[in-house]
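Accompanying notes for the structure given below.
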Amino acid sequence: MNIGLTLIGQMITFAVLVWFTMKFVWPPLTVAMQERQKKIADGLAAAERASHDLEAAKADAEVALKEARTEAADIVAAATKRGDEIIAQKKGDAEVEGQRVLTQAQAQIEQEQASAREKLRGELAGLATLGASKILNREINADTHASLLDDLAADLGKA
Amino acid sequence: MASAEPAADGAAAQGEYIVHHLTNLKVGDGFFSLHIDSMFFSIALGLLFIGVMSYVAKRATSDVPGGLQNFVEMIYEFVDGSVKEAFPYVNKVVAPLAMTIFCWIFLMNAMDLVPVDLLPWLASFVGINYLKVVPSTDVNITFGFSLGVMVLVVYYSIKIKGGGGYLKEWLGHPFGYKLFPANLLLNLVEFIAKPVSLALRLFGNMYAGELIFILIALLPWFLQWLLGGPWAIFHILIITLQAFIFMMLTVVYLAMAHEHDEH
(Lines give C-alpha, C1' and ligand atoms only; values in the text may rest on other atoms or scores of the structure.)
Protein backbone atom coordinates (compact mmCIF):
# COMPACT_ATOMS: atom_id res chain seq x y z
CA MET A 1 0.00 0.00 0.00
CA ASN A 2 1.71 3.09 -1.20
CA ILE A 3 -0.67 5.37 0.62
CA GLY A 4 0.67 3.94 3.83
CA LEU A 5 4.20 5.04 2.97
CA THR A 6 3.00 8.42 1.67
CA LEU A 7 1.13 8.86 4.87
CA ILE A 8 4.24 7.97 6.86
CA GLY A 9 6.17 10.55 4.86
CA GLN A 10 3.50 13.12 5.64
CA MET A 11 3.56 12.15 9.29
CA ILE A 12 7.32 12.75 9.32
CA THR A 13 6.68 16.16 7.76
CA PHE A 14 4.07 16.81 10.39
CA ALA A 15 6.51 15.75 13.10
CA VAL A 16 9.03 18.26 11.69
CA LEU A 17 6.37 20.94 11.85
CA VAL A 18 5.44 20.02 15.41
CA TRP A 19 9.11 20.01 16.40
CA PHE A 20 9.61 23.43 14.84
CA THR A 21 6.53 24.78 16.55
CA MET A 22 7.63 23.40 19.91
CA LYS A 23 11.12 24.73 19.44
CA PHE A 24 10.57 28.16 17.89
CA VAL A 25 6.91 29.15 17.93
CA TRP A 26 5.67 28.02 21.31
CA PRO A 27 8.38 29.47 23.60
CA PRO A 28 8.05 33.12 22.48
CA LEU A 29 4.27 32.74 22.73
CA THR A 30 4.59 31.32 26.24
CA VAL A 31 6.96 34.10 27.23
CA ALA A 32 4.56 36.72 25.86
CA MET A 33 1.70 35.12 27.77
CA GLN A 34 3.68 34.97 30.97
CA GLU A 35 4.71 38.59 30.56
CA ARG A 36 1.12 39.57 30.02
CA GLN A 37 0.07 37.60 33.09
CA LYS A 38 2.79 39.23 35.15
CA LYS A 39 1.81 42.67 33.93
CA ILE A 40 -1.80 42.10 34.91
CA ALA A 41 -0.78 40.64 38.27
CA ASP A 42 1.49 43.62 38.92
CA GLY A 43 -1.23 46.03 37.93
CA LEU A 44 -3.75 44.35 40.22
CA ALA A 45 -1.21 44.28 43.06
CA ALA A 46 -0.45 47.97 42.53
CA ALA A 47 -4.14 48.79 42.61
CA GLU A 48 -4.51 46.73 45.79
CA ARG A 49 -1.56 48.51 47.34
CA ALA A 50 -2.89 51.91 46.32
CA SER A 51 -6.27 51.13 47.88
CA HIS A 52 -4.50 49.99 51.05
CA ASP A 53 -2.48 53.20 51.09
CA LEU A 54 -5.60 55.22 50.64
CA GLU A 55 -7.22 53.37 53.55
CA ALA A 56 -4.19 54.03 55.75
CA ALA A 57 -4.06 57.68 54.74
CA LYS A 58 -7.75 58.02 55.56
CA ALA A 59 -7.15 56.49 59.00
CA ASP A 60 -4.18 58.81 59.56
CA ALA A 61 -6.24 61.81 58.58
CA GLU A 62 -8.98 60.67 60.94
CA VAL A 63 -6.49 60.42 63.84
CA ALA A 64 -4.92 63.78 63.03
CA LEU A 65 -8.37 65.37 62.84
CA LYS A 66 -9.35 63.87 66.18
CA GLU A 67 -6.12 65.16 67.77
CA ALA A 68 -6.64 68.60 66.32
CA ARG A 69 -10.19 68.62 67.62
CA THR A 70 -9.09 67.62 71.12
CA GLU A 71 -6.35 70.21 71.06
CA ALA A 72 -8.75 72.90 69.95
CA ALA A 73 -11.17 71.94 72.72
CA ASP A 74 -8.30 72.08 75.23
CA ILE A 75 -7.26 75.49 74.00
CA VAL A 76 -10.81 76.80 74.23
CA ALA A 77 -11.20 75.37 77.74
CA ALA A 78 -7.92 76.90 78.88
CA ALA A 79 -8.85 80.26 77.37
CA THR A 80 -12.25 80.17 79.06
CA LYS A 81 -10.65 79.27 82.38
CA ARG A 82 -8.06 82.01 82.07
CA GLY A 83 -10.78 84.49 81.12
CA ASP A 84 -12.82 83.50 84.17
CA GLU A 85 -9.77 83.85 86.32
CA ILE A 86 -9.04 87.30 84.95
CA ILE A 87 -12.64 88.34 85.48
CA ALA A 88 -12.63 87.01 89.03
CA GLN A 89 -9.35 88.70 89.76
CA LYS A 90 -10.52 92.01 88.32
CA LYS A 91 -13.73 91.71 90.29
CA GLY A 92 -11.76 91.16 93.48
CA ASP A 93 -9.47 94.06 92.65
CA ALA A 94 -12.43 96.31 91.95
CA GLU A 95 -14.09 95.29 95.21
CA VAL A 96 -10.94 96.02 97.19
CA GLU A 97 -10.49 99.33 95.41
CA GLY A 98 -14.12 100.25 95.99
CA GLN A 99 -13.82 99.35 99.65
CA ARG A 100 -10.66 101.43 99.89
CA VAL A 101 -12.29 104.43 98.20
CA LEU A 102 -15.34 104.02 100.42
CA THR A 103 -13.23 103.82 103.58
CA GLN A 104 -11.21 106.80 102.49
CA ALA A 105 -14.35 108.77 101.75
CA GLN A 106 -15.86 107.84 105.08
CA ALA A 107 -12.66 108.82 106.88
CA GLN A 108 -12.61 112.09 105.05
CA ILE A 109 -16.24 112.71 105.88
CA GLU A 110 -15.63 111.93 109.51
CA GLN A 111 -12.58 114.11 109.52
CA GLU A 112 -14.47 116.97 107.97
CA GLN A 113 -17.34 116.44 110.35
CA ALA A 114 -14.96 116.55 113.27
CA SER A 115 -13.24 119.64 112.01
CA ALA A 116 -16.56 121.34 111.34
CA ARG A 117 -17.71 120.39 114.78
CA GLU A 118 -14.50 121.71 116.27
CA LYS A 119 -14.92 124.93 114.35
CA LEU A 120 -18.56 125.25 115.34
CA ARG A 121 -17.62 124.52 118.92
CA GLY A 122 -15.08 127.32 118.87
CA GLU A 123 -17.49 129.73 117.23
CA LEU A 124 -20.22 128.78 119.69
CA ALA A 125 -17.94 129.46 122.59
CA GLY A 126 -17.23 132.87 121.15
CA LEU A 127 -20.92 133.48 120.47
CA ALA A 128 -21.88 132.29 123.92
CA THR A 129 -19.34 134.53 125.52
CA LEU A 130 -20.52 137.41 123.39
CA GLY A 131 -24.15 136.64 124.21
CA ALA A 132 -23.48 136.33 127.88
CA SER A 133 -21.49 139.57 127.98
CA LYS A 134 -24.34 141.33 126.26
CA ILE A 135 -26.83 139.85 128.73
CA LEU A 136 -24.78 140.76 131.70
CA ASN A 137 -23.87 143.97 130.01
CA ARG A 138 -20.43 143.74 131.32
CA GLU A 139 -17.30 142.17 130.44
CA ILE A 140 -16.79 138.76 131.64
CA ASN A 141 -13.37 137.75 132.43
CA ALA A 142 -12.67 135.17 129.89
CA ASP A 143 -9.99 133.67 131.94
CA THR A 144 -12.13 133.20 135.06
CA HIS A 145 -15.02 131.71 133.14
CA ALA A 146 -13.06 129.70 130.67
CA SER A 147 -13.88 126.38 132.30
CA LEU A 148 -17.57 127.24 132.42
CA LEU A 149 -17.54 128.20 128.75
CA ASP A 150 -15.70 125.05 127.80
CA ASP A 151 -18.28 122.96 129.56
CA LEU A 152 -21.00 124.79 127.68
CA ALA A 153 -19.24 124.36 124.40
CA ALA A 154 -18.86 120.64 125.11
CA ASP A 155 -22.56 120.34 125.89
CA LEU A 156 -23.41 122.12 122.69
CA GLY A 157 -21.09 119.83 120.81
CA LYS A 158 -23.00 116.87 122.20
CA ALA A 159 -26.31 118.33 121.18
CA MET B 1 -8.74 3.05 -3.61
CA ALA B 2 -7.88 5.83 -6.01
CA SER B 3 -4.50 6.54 -4.48
CA ALA B 4 -1.50 6.22 -6.70
CA GLU B 5 1.97 4.78 -6.60
CA PRO B 6 3.65 7.97 -7.71
CA ALA B 7 7.06 6.65 -8.65
CA ALA B 8 5.92 3.46 -10.34
CA ASP B 9 2.65 4.21 -12.07
CA GLY B 10 3.75 7.32 -13.89
CA ALA B 11 2.12 10.59 -14.79
CA ALA B 12 -1.43 9.36 -15.16
CA ALA B 13 -1.51 7.94 -11.67
CA GLN B 14 0.06 11.10 -10.25
CA GLY B 15 -2.58 13.18 -11.98
CA GLU B 16 -5.23 10.91 -10.61
CA TYR B 17 -3.78 11.29 -7.08
CA ILE B 18 -3.82 15.07 -7.36
CA VAL B 19 -7.31 15.25 -8.80
CA HIS B 20 -8.54 12.86 -6.16
CA HIS B 21 -7.25 15.14 -3.45
CA LEU B 22 -8.78 18.19 -5.03
CA THR B 23 -12.21 16.65 -5.34
CA ASN B 24 -14.84 17.52 -2.81
CA LEU B 25 -17.20 15.11 -1.21
CA LYS B 26 -20.46 16.35 -2.61
CA VAL B 27 -24.09 15.67 -3.20
CA GLY B 28 -26.03 17.05 -6.12
CA ASP B 29 -24.81 18.31 -9.46
CA GLY B 30 -23.75 21.61 -10.97
CA PHE B 31 -24.96 24.69 -9.15
CA PHE B 32 -27.08 22.64 -6.78
CA SER B 33 -24.21 20.56 -5.48
CA LEU B 34 -23.31 20.70 -1.85
CA HIS B 35 -19.75 20.18 -0.67
CA ILE B 36 -20.35 18.12 2.43
CA ASP B 37 -16.70 18.02 3.47
CA SER B 38 -16.26 21.81 3.30
CA MET B 39 -19.53 22.31 5.12
CA PHE B 40 -18.67 19.74 7.74
CA PHE B 41 -15.22 21.06 8.53
CA SER B 42 -16.16 24.75 8.44
CA ILE B 43 -19.14 24.17 10.73
CA ALA B 44 -17.12 21.91 13.02
CA LEU B 45 -14.35 24.51 13.28
CA GLY B 46 -16.92 27.26 13.80
CA LEU B 47 -18.44 25.23 16.64
CA LEU B 48 -14.97 24.67 18.06
CA PHE B 49 -14.38 28.43 18.01
CA ILE B 50 -17.75 29.16 19.61
CA GLY B 51 -17.21 26.43 22.17
CA VAL B 52 -13.77 27.60 23.23
CA MET B 53 -14.87 31.24 23.34
CA SER B 54 -17.97 30.56 25.40
CA TYR B 55 -16.01 28.25 27.69
CA VAL B 56 -13.51 31.04 28.33
CA ALA B 57 -16.17 33.75 28.54
CA LYS B 58 -18.20 31.83 31.14
CA ARG B 59 -15.16 31.21 33.31
CA ALA B 60 -13.63 34.64 32.72
CA THR B 61 -12.16 36.21 35.81
CA SER B 62 -11.17 39.81 36.37
CA ASP B 63 -8.21 38.52 38.33
CA VAL B 64 -4.98 37.44 36.68
CA PRO B 65 -6.14 35.37 33.70
CA GLY B 66 -5.10 31.74 33.51
CA GLY B 67 -3.70 29.96 30.45
CA LEU B 68 -6.59 29.75 28.00
CA GLN B 69 -8.24 33.00 29.04
CA ASN B 70 -4.89 34.73 28.78
CA PHE B 71 -4.42 33.39 25.25
CA VAL B 72 -7.91 34.42 24.17
CA GLU B 73 -7.40 37.85 25.71
CA MET B 74 -4.19 38.22 23.72
CA ILE B 75 -6.04 37.48 20.48
CA TYR B 76 -8.84 39.77 21.58
CA GLU B 77 -6.44 42.64 22.28
CA PHE B 78 -4.73 42.10 18.94
CA VAL B 79 -8.02 42.14 17.01
CA ASP B 80 -9.44 45.00 19.06
CA GLY B 81 -6.32 47.07 18.46
CA SER B 82 -6.40 46.41 14.72
CA VAL B 83 -10.09 47.33 14.52
CA LYS B 84 -9.59 50.52 16.52
CA GLU B 85 -6.84 51.57 14.14
CA ALA B 86 -8.78 50.93 10.95
CA PHE B 87 -12.33 51.66 12.07
CA PRO B 88 -12.79 55.04 13.76
CA TYR B 89 -16.58 54.81 14.02
CA VAL B 90 -18.98 53.45 16.61
CA ASN B 91 -20.32 50.05 15.67
CA LYS B 92 -20.82 47.15 18.03
CA VAL B 93 -20.79 44.56 15.25
CA VAL B 94 -17.41 45.22 13.68
CA ALA B 95 -15.01 44.06 16.40
CA PRO B 96 -16.82 40.77 17.15
CA LEU B 97 -17.19 40.20 13.39
CA ALA B 98 -13.47 40.77 12.88
CA MET B 99 -12.66 38.43 15.78
CA THR B 100 -14.91 35.72 14.34
CA ILE B 101 -13.52 36.09 10.83
CA PHE B 102 -9.93 36.03 12.04
CA CYS B 103 -10.30 33.00 14.29
CA TRP B 104 -12.58 31.01 12.04
CA ILE B 105 -10.50 31.52 8.90
CA PHE B 106 -7.35 30.83 10.88
CA LEU B 107 -8.79 27.52 12.07
CA MET B 108 -9.90 26.59 8.54
CA ASN B 109 -6.49 27.46 7.15
CA ALA B 110 -4.81 25.55 9.93
CA MET B 111 -6.40 22.36 8.57
CA ASP B 112 -3.80 22.74 5.84
CA LEU B 113 -1.10 21.75 8.30
CA VAL B 114 -2.72 18.39 8.98
CA PRO B 115 -1.02 15.74 6.80
CA VAL B 116 -2.94 15.73 3.50
CA ASP B 117 -3.64 12.00 3.47
CA LEU B 118 -4.39 11.54 7.17
CA LEU B 119 -8.05 12.49 7.35
CA PRO B 120 -8.99 11.10 3.90
CA TRP B 121 -7.28 7.85 4.87
CA LEU B 122 -9.23 7.69 8.13
CA ALA B 123 -12.42 8.57 6.26
CA SER B 124 -11.83 5.77 3.76
CA PHE B 125 -12.44 3.28 6.57
CA VAL B 126 -16.00 4.52 6.95
CA GLY B 127 -16.59 4.47 3.21
CA ILE B 128 -15.93 8.10 2.36
CA ASN B 129 -13.76 8.20 -0.73
CA TYR B 130 -13.38 11.91 -1.30
CA LEU B 131 -12.46 14.37 1.39
CA LYS B 132 -11.06 17.88 1.22
CA VAL B 133 -10.23 18.90 4.73
CA VAL B 134 -9.33 22.57 4.22
CA PRO B 135 -12.59 24.50 3.84
CA SER B 136 -10.81 27.67 2.73
CA THR B 137 -9.54 25.87 -0.39
CA ASP B 138 -13.18 25.67 -1.42
CA VAL B 139 -14.19 28.74 -3.38
CA ASN B 140 -17.75 28.33 -2.13
CA ILE B 141 -16.63 28.87 1.45
CA THR B 142 -14.45 31.91 0.72
CA PHE B 143 -17.18 33.49 -1.39
CA GLY B 144 -19.61 32.74 1.40
CA PHE B 145 -17.48 34.86 3.69
CA SER B 146 -16.88 37.71 1.25
CA LEU B 147 -20.50 37.95 0.12
CA GLY B 148 -21.56 38.00 3.75
CA VAL B 149 -19.20 40.90 4.27
CA MET B 150 -20.62 42.69 1.22
CA VAL B 151 -24.16 42.30 2.54
CA LEU B 152 -23.01 44.05 5.71
CA VAL B 153 -21.26 46.74 3.64
CA VAL B 154 -24.48 47.50 1.74
CA TYR B 155 -26.55 47.32 4.92
CA TYR B 156 -24.37 49.79 6.81
CA SER B 157 -23.94 52.07 3.77
CA ILE B 158 -27.72 52.44 3.57
CA LYS B 159 -28.11 52.65 7.33
CA ILE B 160 -25.49 55.38 7.75
CA LYS B 161 -25.95 57.41 4.57
CA GLY B 162 -29.59 56.61 3.87
CA GLY B 163 -30.80 55.09 0.59
CA GLY B 164 -30.51 58.45 -1.16
CA GLY B 165 -27.06 59.15 0.18
CA TYR B 166 -25.83 55.73 -0.90
CA LEU B 167 -27.34 56.20 -4.36
CA LYS B 168 -25.66 59.62 -4.60
CA GLU B 169 -22.35 57.96 -3.83
CA TRP B 170 -22.91 55.52 -6.67
CA LEU B 171 -23.89 58.24 -9.14
CA GLY B 172 -21.82 61.23 -8.04
CA HIS B 173 -18.53 59.60 -7.27
CA PRO B 174 -15.71 60.15 -8.23
CA PHE B 175 -16.41 62.51 -11.18
CA GLY B 176 -19.51 64.44 -10.19
CA TYR B 177 -23.12 63.95 -11.35
CA LYS B 178 -22.62 65.05 -14.97
CA LEU B 179 -20.62 61.91 -15.65
CA PHE B 180 -22.95 59.59 -13.75
CA PRO B 181 -22.75 56.66 -16.24
CA ALA B 182 -18.98 56.57 -15.83
CA ASN B 183 -19.35 56.81 -12.08
CA LEU B 184 -21.87 54.00 -12.06
CA LEU B 185 -19.58 51.80 -14.12
CA LEU B 186 -16.53 52.51 -11.97
CA ASN B 187 -18.42 51.96 -8.76
CA LEU B 188 -19.89 48.74 -10.10
CA VAL B 189 -16.43 47.43 -10.96
CA GLU B 190 -15.17 48.47 -7.55
CA PHE B 191 -18.17 46.94 -5.83
CA ILE B 192 -17.75 43.61 -7.59
CA ALA B 193 -13.99 43.63 -7.21
CA LYS B 194 -14.25 43.80 -3.42
CA PRO B 195 -15.88 40.41 -2.70
CA VAL B 196 -14.16 38.74 -5.64
CA SER B 197 -10.69 39.80 -4.57
CA LEU B 198 -11.48 39.04 -0.95
CA ALA B 199 -12.66 35.53 -1.73
CA LEU B 200 -10.13 34.68 -4.44
CA ARG B 201 -7.14 35.93 -2.46
CA LEU B 202 -7.88 33.57 0.39
CA PHE B 203 -8.94 30.73 -1.90
CA GLY B 204 -5.90 31.15 -4.16
CA ASN B 205 -3.40 31.21 -1.35
CA MET B 206 -4.85 28.23 0.44
CA TYR B 207 -5.48 26.23 -2.73
CA ALA B 208 -1.93 26.79 -3.92
CA GLY B 209 -0.59 25.83 -0.52
CA GLU B 210 -2.69 22.69 -0.45
CA LEU B 211 -1.62 21.81 -3.99
CA ILE B 212 2.03 22.09 -3.05
CA PHE B 213 1.43 19.81 -0.07
CA ILE B 214 -0.14 17.32 -2.45
CA LEU B 215 2.78 17.60 -4.86
CA ILE B 216 5.20 17.08 -2.00
CA ALA B 217 3.20 13.98 -1.10
CA LEU B 218 4.13 12.56 -4.52
CA LEU B 219 7.81 12.50 -3.56
CA PRO B 220 9.36 9.34 -2.12
CA TRP B 221 8.12 9.13 1.45
CA PHE B 222 11.59 9.45 3.06
CA LEU B 223 12.28 12.73 1.21
CA GLN B 224 8.97 14.45 1.87
CA TRP B 225 9.96 16.10 5.11
CA LEU B 226 12.85 17.90 3.39
CA LEU B 227 10.41 20.02 1.40
CA GLY B 228 7.27 19.46 3.43
CA GLY B 229 8.83 20.62 6.69
CA PRO B 230 9.93 24.07 5.46
CA TRP B 231 6.68 24.49 3.51
CA ALA B 232 4.60 23.65 6.57
CA ILE B 233 6.64 26.06 8.67
CA PHE B 234 6.23 28.76 6.04
CA HIS B 235 2.54 27.93 6.02
CA ILE B 236 2.19 28.87 9.69
CA LEU B 237 2.92 32.39 8.52
CA ILE B 238 0.62 32.16 5.48
CA ILE B 239 -2.45 30.88 7.31
CA THR B 240 -2.15 33.59 9.96
CA LEU B 241 -1.45 36.29 7.41
CA GLN B 242 -4.36 35.30 5.17
CA ALA B 243 -6.75 35.25 8.12
CA PHE B 244 -5.44 38.64 9.20
CA ILE B 245 -5.72 40.12 5.68
CA PHE B 246 -9.28 38.90 5.33
CA MET B 247 -10.16 40.42 8.70
CA MET B 248 -8.46 43.74 8.01
CA LEU B 249 -10.03 44.14 4.57
CA THR B 250 -13.44 43.38 6.06
CA VAL B 251 -12.90 46.10 8.65
CA VAL B 252 -11.64 48.53 6.00
CA TYR B 253 -14.64 47.87 3.71
CA LEU B 254 -16.98 48.44 6.63
CA ALA B 255 -15.12 51.63 7.52
CA MET B 256 -15.62 52.80 3.92
CA ALA B 257 -19.31 52.04 4.29
CA HIS B 258 -19.41 54.35 7.31
CA GLU B 259 -17.49 57.11 5.55
CA HIS B 260 -19.44 60.25 4.80
CA ASP B 261 -17.98 61.87 1.71
CA GLU B 262 -19.00 65.50 1.51
CA HIS B 263 -19.18 66.79 -2.04
Side-chain angles (χ1 to χ4, degrees), chain A residues 1-70, chain B residues 1-9 13-14 17 20-21 61-78 110 112-122 124 213-214 216-237 240:
Chain A
M1 276 298 286
N2 205 290
I3 190 148
L5 280 182
T6 309
L7 193 53
I8 287 167
Q10 286 167 13
M11 293 313 274
I12 295 168
T13 307
F14 190 64
V16 169
L17 174 69
V18 169
W19 169 82
F20 180 88
T21 306
M22 269 168 57
K23 188 92 179 164
F24 298 106
V25 179
W26 210 247
L29 209 62
T30 312
V31 167
M33 277 171 68
Q34 274 165 356
E35 264 171 20
R36 188 173 181 280
Q37 228 162 2
K38 193 175 170 300
K39 218 165 88 181
I40 292 170
D42 287 353
L44 286 176
E48 187 76 15
R49 215 162 35 241
S51 112
H52 262 294
D53 288 355
L54 181 67
E55 210 64 40
K58 261 185 192 163
D60 283 357
E62 196 64 40
V63 168
L65 207 62
K66 209 174 263 176
E67 265 172 22
R69 235 180 245 140
T70 315
Chain B
M1 192 155 293
S3 74
E5 288 180 13
D9 283 19
Q14 289 183 0
Y17 177 84
H20 176 76
H21 271 280
T61 160
S62 58
D63 270 337
V64 181
L68 189 58
Q69 190 191 343
N70 194 17
F71 182 64
V72 169
E73 279 181 13
M74 268 174 90
I75 300 171
Y76 173 87
E77 274 176 4
F78 167 69
D112 221 356
L113 298 174
V114 177
V116 273
D117 271 322
L118 180 61
L119 293 176
W121 178 64
L122 291 175
S124 70
F213 273 121
I214 295 167
I216 288 169
L218 291 172
L219 292 170
W221 65 274
F222 47 86
L223 285 179
Q224 285 180 15
W225 66 275
L226 270 177
L227 287 171
W231 183 242
I233 289 160
F234 181 57
H235 231 63
I236 298 175
L237 184 67
T240 316

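What you are looking at is a predicted structure, and each value in this text was computed from that prediction instead of being measured. We name chains A, B, ... by the order of the sequence lines, and we start the count at 1 in each one.
- Within 6.0 Å of the CZ atom in B:Phe234, the count of heavy atoms belonging to other residues, nucleotides or ligands does not exceed 12.
- For the pair B:Gln224/A:Ile12, no side-chain contact is recorded, criterion being any heavy-atom separation below 4.5 Å from C-beta on.
- Remark: side-chain polar atoms of B:Asp117 are not paired, donor with acceptor, to backbone N or O of A:Leu7 under 3.5 angstrom.
- Counting only heavy atoms from C-beta outward, the side chains of A:Leu17 and B:Ile236 approach each other to under 4.5 Å.
- Per-residue counts of heavy-atom pairs under 4.5 Å with chain A were compared for B:Trp231, B:Phe222, B:Trp225; the largest is that of B:Trp225.
- Between A:Gln37 atom CD and B:Gln69 atom CD the span is 9.5 Å, to the nearest 0.5 Å.
- Nearest approach of B:Met74 to A:Ala32, heavy atoms of both residues: CE-CB, 3.7 Å.
- Atoms OG1 and CD1, on A:Thr13 and B:Ile233 in that order, are 10.0 Å from each other to the nearest 0.5 Å.
- For B:Glu77, the part lying near chain A is the side chain, with the backbone staying farther off; criterion is any non-hydrogen pair under 4.5 Å.
- Both the backbone and the side chain of B:Phe71 come within contact range of chain A, each with at least one heavy atom under 4.5 Å from a heavy atom of that chain.
- For A:Leu44, the part sitting under 4.5 Å from any heavy atom of chain B is the side chain, from C-beta outward, and nothing else.
- Using a 4.5 Å cut-off between heavy atoms, A:Thr21 touches chain B through its side chain atoms alone.
- Side-chain contact between A:Gln10 and B:Val116: present, with at least one pair of heavy atoms (C-beta onward) separated by less than 4.5 Å.
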